[in-house]
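Encoded as structure tokens, the structure appears first; notes follow it.
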Amino acid sequence: MPLNSLYFCNFANIFWLYMAIRYKEYTGLNLPATEQEILAKWAEDQSFEKSISLRNGAPSFVFYEGPPSANGMPGIHHVIGRTLKDLVCRYKSMKGYQVKRKAGWDTHGLPVELGVEKMLGITKEDIGKNPSAGQAGISVEEYNAICRREVLKYKDKWDELTTKMGYWVNLSDPYITFENKYIETLWWCLKELYKKKLLYESVSIQPYSPAAGTGLSSHELNQPGTYKMVKDTSAVVMFKAVKDEKSKFLFDAAQSDELFFLAWTTTPWTLPSNLGLTVGANIDYVLVQTFNPYTHLPIHVVLAKALIHTYFKAEDENGDFERYSPPAKTLPWKILREFKGKDLETISYEQLLPFKANSAEAIREITPGADPFRIMLGDFVTTEDGTGIVHTAPAFGADDYKVGKKYNIGILTMVDREGKFIEGLGEFSNRYVKNYKDQEDYADVNVDIAVKLKKENRAFKIEKYEHNYPHCWRTDKPVLYYPLDAWFIKTTALKGRMVELNKTINWKPKSTGEGRFGNWLENMVDWNLSRSRYWGTPLPVWRTEDGSEEKCIGSIHELNEEIKKANEVLGGNVNENYLHNGILDLHKPYVDEVILVSNTGKPMKRIPDLVDVWFDSGAMPYAQWHFPFENVEIFAQNYPADFIAEGVDQTRGWFYTLHALGSLLKESVQEELQKAGIEVNDEKYPGLAFRTCVSNGLVLDKNGNKMSKRVGNVVDPFATIEQYGADATRWYLITNASPWDSLKFDLQGIKEVQRKFFGTLYNTYQFFALYANVDGFAFKEAYIPLDQRPEIDRWILSSLNSLKKRVTEYMDDYEPTHAGRAIEDFVDEHLSNWYVRLCRRRFWKGEYEHDKICAYQTLYECLETVLQLMAPVSPFFCDALFNNLNAVSGRNKAISIHHTLFPEPDAAIIDAALEERMQMAQDISSLILSLRKKVNIKVRQPLRKVLIPVQNKQMKDQIIKVEDLIKNEVNIKEIEYITEGNGFISKKIKPNFIALGKKLGAKMKPVSTAIASFTQEDIATIETEGVYTLHVNGEKIPLQLSEVEIQSEDVPGWMVANKGMLTVALDVTLTPELESEGNAREIVNRIQKIRKDNGYELTDRILVKLSENTALKPSITEYNTYICAEILADKLEWLPDITNGIDIEINDIPLKILVTKKV
RNA sequence: AGAUCCGUAGCUCAGCCUGGUUAGAGCACUACACUGAUAAUGUAGGGGUCACCAGUUCAAAUCUGGUCGGGUCUACCA
């Protein structure tokens, strides 16, 4: 080896050792592996913690984490929601805000309890027993201990997913809803509401299982198999109207002293409890004259017009009343009068089944001042089935209760909790309304009621009716809707405020807030807060046995004081277990053991109810900081949230409870803040819990079905991330569909993202690293001003700044999908397929000097910026590449891309004209390539000329500036511009519809036909004159040049292609000179391929031997210098014969060639 | 039942707010090219009654009303 070669070799090694680092080059794109490295780095550098501490003192951006329940495994749908949360937080952090993200766990509630019951194989009845006293079952203490343990069963899995998917949230200090401090804040909230009289007890109509003796939650009612088709006795019964001023118009029309309202029921057992009838205000009703089909007495009845034909045959209308005689098959009928439901309001009727127990006195005893047996208006009435008049028994239907309350008709509960009629109902007393006791000789009381009504001329139609009815999932017996005591929050009291504040919330998408949420608010009812379960936040209300006195407790301290007081007053062993250390666990059964004392010295026991878990999560803004007991300052800075995001299914869940509590507690919160000396105003603390809310849609499987374990179409997020990487998964989830559209999840889509976007980005980076390493580019030279860079650099930088602008706008508008798509477009269309493609030579050709440095600086900046722009969405790969770039250049001091500031667009760099002409260059090139394709002339074969017709000077100037790019790209020698007047090109004209449409209106059609038949001369006329007078239907219509669009269509004798306003004509003549040059290019191409096949390094020089006997020799000789320069050879050696060479063919001419490495 | 979102190529989606005359991308398929970025790229091709019906308009994928289908939430009803 020659001395100098050795020297160079060593020098190179030493050189690189000295530099210590080159841009890292990869052997292949492996996203999961890169992510592992980055995760390790983040952990080591504490990148997340630093991303927050770096922003100390900066304005805060407040994010609330909706607490997931960790008693189920996380699924892929959790990944999309969390990606959305994460990207917003990362973005805001990069925009300079401090974004604290406290994690949280939802730990109470029915799903937890049901899971535990299932695991233990027990039912609700087994809980609360005393096994040590020999009872079968489990104590509340033990049960709750198991719930506490089980609820965080999958916490590790959740934490793992959080980490692996790159969700930055503070897992080390989460809020947990079962902790005493958390519950204490909930108690504070409840007491505040209590003090304001917003917390009250009342009855509500709930599903109730008499067989099991317990109320059922809606969750239980939604268990599979609870709704069953059953056949029940249904009855259309006749309520007799009372004649008075209000009903006079009906009696007048009937010309009778007796008329009836028809009402339908599938539960005749509710009839003794009937107190009203409900009609729809705008439903049409009719008064019909007919006969009772059972008693055959002539009658007058009222029912909805739309339902006439379910009871009467059309052909019997106005039938012969005189000749009706039983047992007649036909029932003649006649409409006497038609009216609206609202005309019936408050008309009275006689009680249908009067007994002692449901007498007027009994009713007023229960509800003093009640005014029953009247017709009411309700919006729930339909004409789907029945009669359009709804029998209303407030005790046994939620709608009935609501409308009954409005009209103050009282309430009758003629059925006890065992499901049987109470005393005082005559022959029906003590009979079960359904066969709840499995009696063999059970006689259906509903049938007996129907029979009685038939006999009394009070039944119009009795039949078996098959319908879907809910059953208790435990006993399989039909459920009753039954009035049960419950605690409510009077949300309706602040409805106005909630509606108003909702208008200030930025909802994404808007429709969720205006439609789904707004509607929900409009139809708000009071919040039923109580649950009769075991594992949850206890309602902190104690009450004396007679119910005359009660206390609501608002803190642990207060409770402990009351505990002591009760012991002192009541004496004995009252609360003896809680005197020393106070209460240590606020859950059942401990709170229930505590006895308090009333102001008059009576003992008080706790109401056994728990609080709806939605209260837990809705109070999370306060409870997560243990407000107001601690952290008042922190709370003040973190309330309300700037941003929350959850699935759209939370609209009436978390979103609602957050919003409701925000409104309800506004004054309480402001007071506490003021007490702590914090400045309070309505702008800062408007009683709003969140300012922006993004609701994301569902994740469906690729066929559009809901993912469910049962169907087995769930996607395992861990496997997905492991195989394709979190980056590609996140990018796919975000860019494929807007977050609020439901997403059809398809792994093929992730593969596509991986290949198309990350693959392209990776290639671009690899390309840069490859050559930058060769040239030792480390961005050490001064930043070259734009005006000293070539046009194409200025273009890509302009385009880059336009991109920054768009991405920023989209991100600020919570439209990450559009932001992501814009980035994709840029990387693919602009950076990779135009800039890099056109500039390749600049990187590997020539010396390391001005133009090359420009190219490196430009590409570096593009890469760096794109990585920053995509960082919020896909945080791993960009951080890796960013670090690789920085390791060499040291341009940015941040140790992670997530600590940098989001790129700010520079308007001065954006050059719209430049971007426009580059688009033209791309389009023109594309057109020329398509023409080449058509005549089958490959790009390596140079062509002489293209013609481009130009509309005006400005267009010509634009194209001239990119002329060289086009010529290079499509291998054309010359571009010739043709302008007006030479008659060389033929043109096409069409109306400018927008301009003309406004002016012409209805005359548009004939005018556009006229324009379509313009000749070339006509077009020339309007072009030169600027105006053309059309004659349409004898009317003169002047046509301005600006009202039409003219474009070149054809150049006779040339190959032509169009796109929009652009037209290109290609000269496809091949001269011997052009062919010769084409041959030379072919040779270069073949030899480059051989170099590559032989595995030579980029910089290796080669020796080339060619066989002399070829027709190609003149071409090759002519372009000898060019060829040698391209292939890195000193010279081309011609030999008569080559033994080891490779046979190739160029344009059908054979050639033998031998390439070896020069040593 | 009510509310809401969605329905555009075989698949995933733009375009719709602000109506304008060849309805676009990508994937997949076919063919041909190109390539010292190569799991890339270009060009060409097939593939659409823009779910349906009605209305407004000179003009509707776009605006209005309705219908149908799918998803979700809420409610559960005589």
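In this text the structure is predicted, and so the values were computed from the model without any measurement. Chain naming here is simple, since letters A, B, ... match the order of the sequence lines and numbering starts at 1 in each.
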Please check if the side chain of T817(A) supplies one atom and the backbone of I734(A) the other of a donor-acceptor pair under 3.5 Å.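 Yes; judged by distance alone, with no hydrogens or angles, the pair exists.
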Side chain of S832(A), base of A37(B): donor and acceptor closer than 3.5 Å?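 In this structure, the two groups form a donor-acceptor pair.
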Nearest-Å distance, CZ (F517(A)) to C1' (G2(B))?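 Distance check: F517(A) CZ to G2(B) C1' gives 18 Å.
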Please report the distance, rounded to the nearest Å, between NZ in K402(A) and P in U74(B).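 It works out to 16 Å between those atoms.
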What string of B, S and - do you get for nucleotides 23-31 of chain B 5' to 3' if you count protein non-hydrogen atoms under 4.0 Å? ---SSS---
Rounding to the closest angstrom, what is the interatomic distance between [N] and [M] at atom [atom1]?
N: A31(B); M: G69(B); atom1: P; result: 42 Å
N: G47(B); M: G65(B); atom1: P; result: 36 Å
N: A33(B); M: G15(B); atom1: C1'; result: 32 Å
N: G45(B); M: A28(B); atom1: C1'; result: 14 Å
N: G10(B); M: C32(B); atom1: C1'; result: 24 Å
N: U62(B); M: G7(B); atom1: P; result: 12 Å
N: A37(B); M: A51(B); atom1: P; result: 45 Å
N: A54(B); M: C76(B); atom1: P; result: 40 Å

Touch class at under 4.0 angstrom, heavy-atom based, for [X] against every strand present:
X: D400(A); value: nothing
X: Y771(A); value: sugar-phosphate
X: R840(A); value: base
X: V1007(A); value: nothing

Applying side chain to side chain contact (heavy atoms under 4.5 Å, CB included), can you list everything that pairs with E809(A), at least two apart in sequence or on another chain?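 Expected list: K805(A).
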Of the listed nucleotides G15(B), A37(B), C76(B), the one nearest the side chain of V836(A):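 For V836(A), the side-chain atoms sit closest to A37(B).
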Out of A37(B), C76(B), C77(B), whichever nucleotide has its closest atom nearest the side chain of A398(A):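 That would be C76(B).
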Measure the CH2-CG distance between W731(A) and N736(A) for me, rounded to the nearest 0.5 Å.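 The distance works out to 13.0 Å.
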To the nearest 0.5 Å, what is the distance between SG on C693(A) and CZ on F517(A)?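 It comes to 8.0 Å.
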Assuming nearest nucleotide by heavy-atom distance, tell me which of E1082(A) and T270(A) is located more 5' along RNA chain B.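 Looking at the nearest nucleotide for each, E1082(A) comes out on the 5' side.
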Need to verify one output field. Residue with the more 5' nearest nucleotide on RNA chain B, T735(A) or G759(A)?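 Closest to the 5' end, via its nearest nucleotide, is T735(A).
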Under the salt bridge (charged side-chain N to carboxylate O under 4.0 Å, His left out) test, which residues partner R840(A), sequence neighbours left out?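 Per chain and number, R840(A) pairs via salt bridge (charged side-chain N to carboxylate O under 4.0 Å, His left out) with no residue.
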With sequence neighbours excluded, tell me which residues meet salt bridge (charged side-chain N to carboxylate O under 4.0 Å, His left out) with R1101(A).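 Salt bridge (charged side-chain N to carboxylate O under 4.0 Å, His left out) check on R1101(A) returns D1130(A).
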Please determine if a side-chain N or O atom of [X] lies less than 4.0 Å away from the OP1 or OP2 oxygen of [N].
X: Y762(A); N: A37(B); result: no
X: N833(A); N: U41(B); result: no
X: R940(A); N: C34(B); result: yes

Going by heavy atoms in the side chains, are N971(A) and Q941(A) under 4.5 Å from each other?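 Sidechains of Q941(A) and N971(A): no contact.
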Starting from Watson-Crick (N1-N3 plus N6-O4 or O6-N4) and G-U wobble pairs under 3.5 Å, report the runs of at least three that RNA chain B belongs to.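 Listed by first number, the stems are B:1-7 with B:68-74, B:10-13 with B:24-27, B:29-33 with B:41-45, B:51-55 with B:63-67.
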Ring geometry between H830(A) and F826(A) (parallel below 30°, tilted from 30 to 60°, perpendicular above 60°):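 If you compare the ring of F826(A) with that of H830(A), the planes turn out perpendicular.
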Is there a side-chain contact (heavy atoms from CB on, under 4.5 Å) between K464(A) and D232(A) once you walk through the steps? CA-CA 5 Å; K464(A) 288 285 180 189; D232(A) 278 323; over 6 Å; no
Under 3.5 Å, which donor-acceptor pairs do the side chains of residues 395-402 of chain A form with other protein atoms, sequence neighbours left out?
from: D400(A); atom 1: OD2; to: A393(A); atom 2: N; distance (Å): 3.0
from: Y401(A); atom 1: OH; to: V203(A); atom 2: O; distance (Å): 3.4

Tell me if the aromatic rings of F767(A) and F843(A) count as close, with their centers under 6.0 Å from one another.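 When the ring centroids of F767(A) and F843(A) are compared, they turn out to be within the sub-6.0 Å range.
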